Each structure stands twice: as C-alpha cells, then as structure tokens.
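All remarks here apply to the structure that follows.
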Amino acid sequence: IADYDPKIAIIRDEHTDDSASLKLLDALYKAGIKNVHLPTVSLTGKVTASDGSAARRFVVYVEHEKWRDRMGDLPHEQTDDRGTYTFHNLPPGQCDVFTSPVGNSQLQLRVKGVKLVDGQTTQLDLNLQSQATISGRVTAADGKPISGAKIAGRWQSDDGALVFIDFAMTDDQGHYALKSPLEKAT
C-alpha cells in the first residue's frame with residue numbers, strides 16, 4: 001500500500017503508522033529530504049515445540065547484519081497461543097533468527113543467513129520437534145554416578161545454517177538425555 005502526500009512521498013505498508021516512524025519522516029521532511037522509502041519487510045512463521053505442539057510463549061529474535069554490534073537490544077516477538085510470530089518493518093538484508101522459550105535462554109534454535117527482501121514477507125517456521133536423542137551416564141573415576149551435572153549439547157546442520165543448543169542435568173543415577181530437532185548434524 002502506498003501513501004502519497006504532495007509534500008513528501010512515502011511508500012510504506014499498513015504497519016508503518018507508529019509514532020517513531022512518523023517523527024522520523026517529519027524530521028526528514030524538515031531537513032529537505034522529500035522522497036523516503038521505508039522498509040516494508042515482514043518476517044512471520046510458526047514455532048513448533050519439541051513435543052510437536054505449538055510453541056507458546058517462545059521468544060523469537062532477529063539479529064540483522066546491520067545490528068551485529070548491538071548487544072542485548074535485538075528486536076524480538078513472543079509467540080502467541082498458536083505458536084506464531086510476526087515482525088514488521090525490518091530492513092532488507094541478511095539476518096539470523098533464533099528462538100527460545102521464555103525463561104530458558106539455554107535452549108535455542110538458530111537459523112543463519114535468512115534473506116529479507118524489500119517489499120516481501122518472508123515465511124520462516126522454526127521446528128524444535130525432537131528428531132534425535134543423545135543420552136548417557138556421567139560417573140566419577142571410581143564409577144559412582146554424578147548427579148546434578150550440567151551437560152551441554154550443540155548440533156549444527158551439515159550446511160551450517162541451523163544450530164541447536166540445549167542443556168540437561170544428570171539425575172540421581174548420573175543419567176541424562178538431550179533431544180535435538182536436527183536428525184543429522186555435525
């Protein structure tokens with residue numbers, strides 16, 4: 001949808017009516033810049049939990065190539081009851097998208113190199129449904145089980161585009177199990 005004002009040509013989508021964007025446009029107009037193109041890139045998708053259900057209350061982050069130096073202040077959206085998320089007005093370019101449940105930043109699925117094209121909506125579903133399990137037992141040198149040990153697992157797809165990270169704690173007998181949405185990885 002394009003809006004045209006004789007004083008300033010603005011191309012924008014229906015989600016660009018936030019006050020920050022309007023203040024920016026006003027400042028640009030006052031500075032003599034009369035043709036402005038605002039980004040119209042949207043990113044949307046569904047997150048599936050490890051058990052195959054809709055991932056409710058997961059947080060999805062976008063780390064854009066233009067924001068590599070931004071620490072801790074990345075755009076994020078929380079999934080709704082259907083596990084869906086949507087971002088509007090992202091800049092075109094490449095980004096990484098990653099998700100984790102609220103309150104558990106250790107579990108994470110990251111998709112690298114997502115291409116955002118101006119004027120388009122990119123669909124990116126994030127599936128954390130378990131495809132593979134690594135399990136074992138942690139023991140001391142004397143063979144006694146170690147309970148409460150933190151075990152880390154990191155899977156990466158063969159092409160490097162997907163990375164999954166999870167942690168587990170050993171039980172009283174030293175057993176643990178880590179599940180991954182990546183069936184085959186290096």
Side-chain angles (χ1 to χ4, degrees), residues 1-4 10-22 24-25 36-133 153-166 178-186:
I1 298 172
D3 282 347
Y4 181 76
I10 306 169
I11 300 172
R12 63 185 181 189
D13 72 13
E14 67 273 16
H15 303 286
T16 311
D17 291 327
D18 60 274
S19 62
S21 294
L22 295 175
L24 173 63
L25 291 173
V36 178
H37 176 76
L38 294 178
T40 59
V41 177
S42 293
L43 174 66
T44 188
K46 182 176 182 179
V47 181
T48 304
S50 60
D51 64 1
S53 66
R56 295 172 189 86
R57 294 182 25 115
F58 272 57
V59 180
V60 179
Y61 297 89
V62 173
E63 186 178 71
H64 199 279
E65 64 188 351
K66 294 179 181 179
W67 307 325
R68 295 289 186 224
D69 296 333
R70 273 168 92 169
M71 297 302 271
D73 189 28
L74 296 174
H76 59 280
E77 293 290 336
Q78 187 168 316
T79 59
D80 61 19
D81 287 341
R82 297 180 317 260
T84 60
Y85 69 92
T86 301
F87 291 88
H88 295 290
N89 300 322
L90 295 172
Q94 287 216 316
C95 67
D96 291 356
V97 178
F98 58 98
T99 188
S100 61
V102 171
N104 182 0
S105 61
Q106 296 176 348
L107 172 78
Q108 185 182 103
L109 177 64
R110 177 179 290 260
V111 181
K112 297 180 178 181
V114 177
K115 187 174 181 180
L116 302 175
V117 179
D118 194 15
Q120 294 184 10
T121 297
T122 299
Q123 175 76 30
L124 180 66
D125 294 333
L126 303 167
N127 187 350
L128 286 90
Q129 191 168 3
S130 297
Q131 301 294 322
T133 301
R154 182 180 187 276
W155 291 260
Q156 182 170 312
S157 62
D158 291 337
D159 63 2
L162 295 173
V163 175
F164 178 73
I165 299 169
D166 196 6
L178 293 168
K179 296 182 178 186
S180 171
L182 306 179
E183 187 174 340
K184 180 182 174 192
T186 56

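In what follows, residues are counted from 1 in the order of the sequence shown. This one's a predicted model, so the numbers in the text were calculated from it and none came from an experiment.
Between R82 and K46, the shortest heavy-atom contact is O-CE, 3.2 Å. The minimum heavy-atom distance linking P181 with L109 is given by the pair CG-CD1, 4.4 Å. Nearest heavy-atom pair, K112 versus G160, reported as atom, atom and distance to 0.1 Å: CD-O, 3.5 Å. H64 and C95 get closest at one heavy-atom pair: CA-CB, 3.7 Å. Closest approach of D118 to V41, counting heavy atoms only: CA-CG2, 3.5 Å. Taking all atoms of both residues into account, the shortest heavy-atom contact from T122 to K115 is OG1-O, 3.5 Å.
The NZ atom of K179 sits 11.0 Å away from the CD atom of Q129 when rounded to the nearest 0.5 Å. Here the CH2 atom belonging to W155 is positioned 5.0 Å from the OG atom belonging to S180, to the nearest 0.5 angstrom. Between atom CG of residue N127 and atom OG1 of residue T99 there is a gap of 11.5 Å, rounded to the nearest 0.5 Å.
Under the 4.5 Å side-chain criterion, counting only non-hydrogen atoms from C-beta, R154 is in contact with V163. Looking only at side-chain heavy atoms (C-beta outward), F58 and L126 stay at 4.5 Å or farther from each other. The shortest side-chain heavy-atom distance between L124 and L43 falls under the 4.5 Å cut-off.
A parallel orientation is assigned to the rings of F98 and Y61, their planes being inclined by less than 30° (bins at 30° and 60°).
The backbone N or O of G113 sits less than 3.5 Å from a side-chain atom of D96, completing a donor-acceptor pair. Not one N or O on the side chain of T84 forms a donor-acceptor pair closer than 3.5 Å with the backbone of G45. A donor-acceptor contact shorter than 3.5 Å links the side chain of T44 to the backbone of Y85. The closest donor-acceptor contact from the side chain of T79 to the backbone of A55 lies under 3.5 Å.
Not counting sequence neighbours, T133 has no partner by the side chain to side chain donor-acceptor pair (under 3.5 Å) test. With sequence neighbours excluded, no residue forms a salt bridge (Lys or Arg N to Asp or Glu O under 4.0 Å) with R56.
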